[in-house]
Asks: 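Here it is: the structure, laid out below.
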There are 2 protein chains.
Amino acid sequence: MFSKATEYALRATIYISQKSSVEKKLSLTEIAEAIDSPPSFTAKILQLLTKDNCVIHSVRGPNGGFYITEKDKHLPLKKILEAVNENDLFDKCILGLKKCSETKPCPLHFQYKPIKQELIHLFQTNTIQDLSEKADNESLFINNAI
Amino acid sequence: MFSKATEYALRATIYISQKSSVEKKLSLTEIAEAIDSPPSFTAKILQLLTKDNCVIHSVRGPNGGFYITEKDKHLPLKKILEAVNENDLFDKCILGLKKCSETKPCPLHFQYKPIKQELIHLFQTNTIQDLSEKADNESLFINNAI
DNA sequence: TTAATTAAGGACAAAAATACCTTTAATTAG
DNA sequence: CTAATTAAAGGTATTTTTGTCCTTAATTAA
Ligand code: FES
Ligand code: FES
């Protein structure tokens, strides 16, 4: 479904939302450990998420790290997909035609359309906070721990 | 969503189902042109689909080519995904955890689950024939023609 | 100011996916 | 049988994705 980059971006943002604040920033090392991802690659992805402060923030130096503001916790998950350039999933044809369109539909178009709509809905209505709260309250996981 | 290989496999099989019969086999060249795919790469994918005659059949030599039997047209699309080893989409965690499970669910698991079920349903209930008939009767496309 | 810490940024490496090409085997027509 | 045709099979090349490493910049504390 998603690329590794996107999966790490989603898991990392959820973790940052759970554990960080302006006063308590999280280091790359802590984040990568918490979400079971390769640290160096994760660094690149976090850079995308901090670009233009679009989703998360970062500070260098001692006690620096990554954090998210209360305001940004209300961003929809879709924002994360945009940040890592995987937003186009929702425009794509399931059979790989260059354009998914109503006027030149593929044989699966009309059956896939409602499913695609639900996927879009899922990523547009759920905020970062929704997921991190859920993960806090219920017994949910963002790593492969035993 | 799917890899290029899977997209080509689906489009190729639909085309073969539309145009071929035991008497009228289709050459690699014709198929690749019809579905807008790179011929050499398509050859590899068709090999996977002919392996053990799992979805389509092939004959070498003059007037040889690829075809599908009436019986095999009743196979579900899922069979094509299995042939190209992309069947695991339906077991995967949307956040990339190693196991998608009810006992160790990710924060999106319970919302993604019904969508995943609909996807599975789509590929299990639709047969190859269903799609090729639809493409015949309605105005549906399996290439990028203008 | 200096040393320590932490992310940013760029170059590089490995792996996987995609695509191509050449040779071989099967089949058919003449 | 021979030549032509077509897929099978294998190797190779290219591109994209994934992952690493090293240097630089920013920040902090002493
Ligand atoms: S044209 Fe294929 S999904 Fe819309
Ligand atoms: S555990 Fe993530 S989708 Fe099931």
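Every chain is numbered from 1, with letters handed out A, B, ... down the list of sequences.
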Asks: Nearest-Å distance, CZ (Phe66(B)) to P (dT27(C))?
Replies: 14 Å
Asks: Atom CD1 of Ile31(A) and atom C1' of dT6(C): how far apart are they, to the nearest Å?
Replies: 12 Å
Asks: With a 4.5 Å cut-off on side-chain heavy atoms, are Ile68(A) and His57(A) touching?
Replies: no
Asks: Is any side-chain heavy atom of Ser132(A) less than 4.5 Å from a side-chain heavy atom of Tyr15(A)?
Replies: no
Asks: Can you check the Ile45(A) CD1 to dT18(D) P distance for me, whole Å?
Replies: 8 Å
Asks: Tell me: CG of Leu28(B) to P of dC21(C), nearest whole Å?
Replies: 13 Å
Asks: To the nearest Å, how far apart are Lys51(B) NZ and dA7(D) P?
Replies: 17 Å
Asks: Indicate yes or no for a side-chain donor-acceptor contact from Asp52(A) to the backbone of Cys54(A) under 3.5 Å, with no hydrogens or angles considered.
Replies: no
Asks: Measure the acute angle between the ring planes of Phe90(A) and Phe123(A), then classify it against the limits of 30° and 60° as parallel, tilted or perpendicular.
Replies: tilted
Asks: Which atoms form the tightest heavy-atom contact between Leu131(A) and Pro107(B), and what is the distance?
Replies: CD2-O, 3.8 Å
Asks: Are OP1 or OP2 of dT6(C) and a side-chain N or O of Ser58(A) less than 4.0 angstrom apart?
Replies: no
Asks: Salt bridge check, Glu30(B) against Lys19(B): does any charged N sit closer than 4.0 Å to a carboxylate O?
Replies: no
Asks: Given side chain to side chain contact (heavy atoms under 4.5 Å, CB included), test Leu77(B) with Leu108(A) step by step and report yes or no.
Replies: CA-CA 11 Å; Leu77(B) 296 183; Leu108(A) 274 179; 4.1 Å; yes
Asks: So, Thr42(A) versus Ser37(A): side-chain donor-acceptor pair below 3.5 Å or not?
Replies: yes
Asks: Just checking Leu26(A): base, sugar-phosphate only, or nothing, at a heavy-atom cut-off of under 4.0 Å?
Replies: sugar-phosphate
Asks: What is the separation between atom CZ on Phe2(A) and atom C1' on dT18(D), rounded to the nearest whole Å?
Replies: 18 Å
Asks: Heavy-atom contacts under 4.0 Å between residues 4-18 of chain B and DNA chain C, which residues?
Replies: Lys4(B), Ala5(B), Tyr8(B)
Asks: Heavy atoms within less than 4.0 Å of DNA chain C: which residues of residues 84-92 of chain A have one? Give them sorted by number.
Replies: none
Asks: To the nearest Å, give me how far apart NZ (Lys24(A)) and C1' (dT6(C)) are.
Replies: 15 Å
Asks: Select base, sugar-phosphate, or nothing to describe what Ser3(B) touches, counting heavy atoms under 4.0 Å on all strands.
Replies: sugar-phosphate
Asks: Do any side-chain nitrogens or oxygens of Gln47(B) fall under 4.0 Å of OP1 or OP2 in dA7(D)?
Replies: no
Asks: Applying side-chain contact (heavy atoms from CB on, under 4.5 Å), name anything that partners Glu70(A), two or more places apart in sequence or on another chain.
Replies: Lys73(A), Gln129(A)
Asks: Measure from the side-chain N and O atoms of Asp36(B) to the backbone N and O of Asn144(B), and report whether any donor-acceptor pair falls under 3.5 Å.
Replies: yes
Asks: Determine: side-chain N/O of Thr50(A) to OP1/OP2 of dA7(C), distance under 4.0 Å, yes or no.
Replies: no
Asks: Hunt down the Watson-Crick or G-U wobble partner of dA30(D), both distances under 3.5 Å, from any strand shown, or write none.
Replies: dT1(C)
Asks: With the sugar-phosphate defined as primed atoms, P, OP1 and OP2, and the base as all remaining atoms, what B/S/- string results for nucleotides 20-30 of chain D, 5' to 3', for protein heavy atoms under 4.0 Å?
Replies: BB---BBBB--
Asks: Which pairs of donor and acceptor atoms, one on a side chain in residues 79-86 of chain B, lie under 3.5 Å apart (sequence neighbours left out)?
Replies:
from: Glu86(B); atom 1: OE1; to: Ser3(B); atom 2: N; distance (Å): 3.2
from: Glu86(B); atom 1: OE1; to: Ser3(B); atom 2: OG; distance (Å): 2.9
from: Glu86(B); atom 1: OE1; to: Thr6(B); atom 2: OG1; distance (Å): 2.1
from: Glu86(B); atom 1: OE2; to: Ser3(B); atom 2: N; distance (Å): 3.4

Asks: Considering only residues two or more places apart or on different chains, which pairs with a residue in residues 133-142 of chain B satisfy side chain to side chain donor-acceptor pair (under 3.5 Å)?
Replies: Gln111(A)-Lys134(B), Gln18(B)-Asp136(B)
Asks: May I have the distance from Leu46(A) (atom CG) to dG9(C) (atom P), rounded to whole angstrom?
Replies: 13 Å
